[in-house]
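The chain is numbered in sequence order, starting from 1. Both ligands and their constituent atoms are indexed starting at 1 by order of listing.
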Amino acid sequence: MKIAIGCDHAGVELKNGILPVLKELSIIYEDVGPYKEISVDYPDFGEKVSEMVSKGEVERGILICGTGIGMSIVANKFPGVRAALCHEEYSAEMSRLHNDANILVLPGRIIGKEKAAAIVKAWFSTSFEGGRHQKRLDKIRTIEERLICR
Ligand code: RB5
């Protein structure tokens, strides 16, 4: 699987902590940056990753900012993106099972490297359940199409 990963200055440390976990899981990633803890604006990096997922250039994405809230707001503006902000493994699992989340958002100033690794592992090892949940995702798509046509 190929993914894109990005953050803002508040997520650089956690991003660096996650990259070895992705390698361990044999996930190919494109790190869109930033690579240093210099002040940047989260919408710029959120846009890069979300655009790649929305266009199907990568299957999934990971975004990290201080709280994860800014990145979630940005990512969920993109058609076809279902971004889930997760602080623990249960939400990560459910976001795959029920929501087929394709972007995992992590809060860099709230959780540590170990918790993030556990969340990432849970998220990548869980498949979408389909069935009644597919019908709900279809409804989200219908809403998106209506808004885009406005
Ligand atoms: C940056 O200071 C901070 O606002 C950002 O990382 C994020 O938490 C925004 O939602």
Side-chain angles (χ1 to χ4, degrees), residues 1-25 27-126 128 133 136-137 139-148 150:
M1 184 189 300
K2 190 175 174 210
I3 71 151
I5 183 166
C7 61
D8 72 356
H9 49 281
V12 172
E13 195 181 333
L14 199 64
K15 174 160 68 69
N16 289 336
I18 284 172
L19 298 182
V21 179
L22 297 177
K23 281 193 186 133
E24 190 188 317
L25 297 173
I27 290 164
I28 300 160
Y29 60 82
E30 182 171 335
D31 180 357
V32 304
Y35 312 106
K36 287 182 189 162
E37 288 181 39
I38 40 157
S39 182
V40 295
D41 299 326
Y42 63 81
D44 297 334
F45 292 88
E47 180 181 11
K48 286 185 195 198
V49 170
S50 305
E51 182 107 311
M52 288 169 83
V53 173
S54 185
K55 286 183 171 167
E57 292 168 5
V58 290
E59 208 172 313
R60 293 198 220 164
I62 298 179
L63 285 169
I64 311 161
C65 64
T67 58
I69 295 171
M71 286 297 195
S72 303
I73 292 170
V74 172
N76 281 312
K77 300 237 175 276
F78 285 76
V81 165
R82 294 175 298 277
L85 170 57
C86 299
H87 296 74
E88 27 64 37
E89 298 91 311
Y90 178 75
S91 301
E93 250 178 67
M94 295 307 287
S95 79
R96 292 288 311 132
L97 282 172
H98 287 192
N99 313 109
D100 197 15
N102 50 14
I103 293 189
L104 172 65
V105 186
L106 295 171
R109 286 180 176 154
I110 301 175
I111 60 166
K113 202 167 85 176
E114 280 72 31
K115 180 53 85 180
I119 293 170
V120 166
K121 285 179 184 171
W123 197 67
F124 281 107
S125 63
T126 309
F128 179 48
H133 302 294
R136 293 159 187 169
L137 297 194
K139 289 192 175 189
I140 295 173
R141 179 61 90 174
T142 304
I143 294 168
E144 275 177 357
E145 281 165 5
R146 203 175 61 232
L147 294 174
I148 289 164
R150 256 190 198 170

Under 4.0 Å to a heavy atom of [X] - the qualifying atoms of ligand 1, by number:
{"X": "G66", "answer": "5 (C), 6 (O), 7 (C), 8 (O)"}
{"X": "A10", "answer": "6 (O)"}
{"X": "D8", "answer": "1 (C), 5 (C), 6 (O)"}

Any luck finding a side-chain donor-acceptor pair between T142 and E145 under 3.5 Å?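 The answer is no; no qualifying pair exists.
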How long is the gap from NE2 on H87 to CG on L106, to the nearest 0.5 Å?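 Between H87 NE2 and L106 CG, I get 9.0 Å after rounding to 0.5 Å.
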Nearest protein heavy-atom contact for [atom]: which residue, which atom, what distance?
{"atom": "atom 2 (O) of ligand 1", "result": "R109 NH1, 3.3 Å"}
{"atom": "atom 1 (C) of ligand 1", "result": "H9 NE2, 3.6 Å"}
{"atom": "atom 9 (C) of ligand 1", "result": "Y42 CE2, 3.5 Å"}
{"atom": "atom 8 (O) of ligand 1", "result": "T67 N, 2.9 Å"}
{"atom": "atom 10 (O) of ligand 1", "result": "G70 N, 2.9 Å"}

Using side-chain heavy atoms (C-beta onward) and a distance below 4.5 Å, is V53 in contact with F78?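 Side chain of V53 against side chain of F78, heavy atoms only: no contact under 4.5 Å found.
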Atom CD of E13: over 12 foreign heavy atoms under 6.0 Å: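 No, the 6.0 Å shell around CD holds no more than 12 heavy atoms from other groups.
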Tell me whether Y35 at atom OH has more than 12 heavy atoms from other residues, nucleotides or ligands lying less than 6.0 Å away.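 Counting neighbours around OH of Y35, more than 12 heavy atoms of other residues, nucleotides or ligands fall under 6.0 Å, so yes.
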Those residues that, when tested against E57, pass side chain to side chain donor-acceptor pair (under 3.5 Å) (two or more places apart):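 Once residues adjacent in sequence are excluded, E57 has no partner under the side chain to side chain donor-acceptor pair (under 3.5 Å) criterion.
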Protein non-hydrogen atom below 4.0 angstrom of atom 4 (O) of ligand 1 present: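 Under 4.0 Å from atom 4 (O) of ligand 1, zero protein heavy atoms found.
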Which atom names give the shortest non-hydrogen contact between P34 and V40, and what distance separates them?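 Smallest interatomic distance, heavy atoms only, reads CG-CG2, 4.0 Å.
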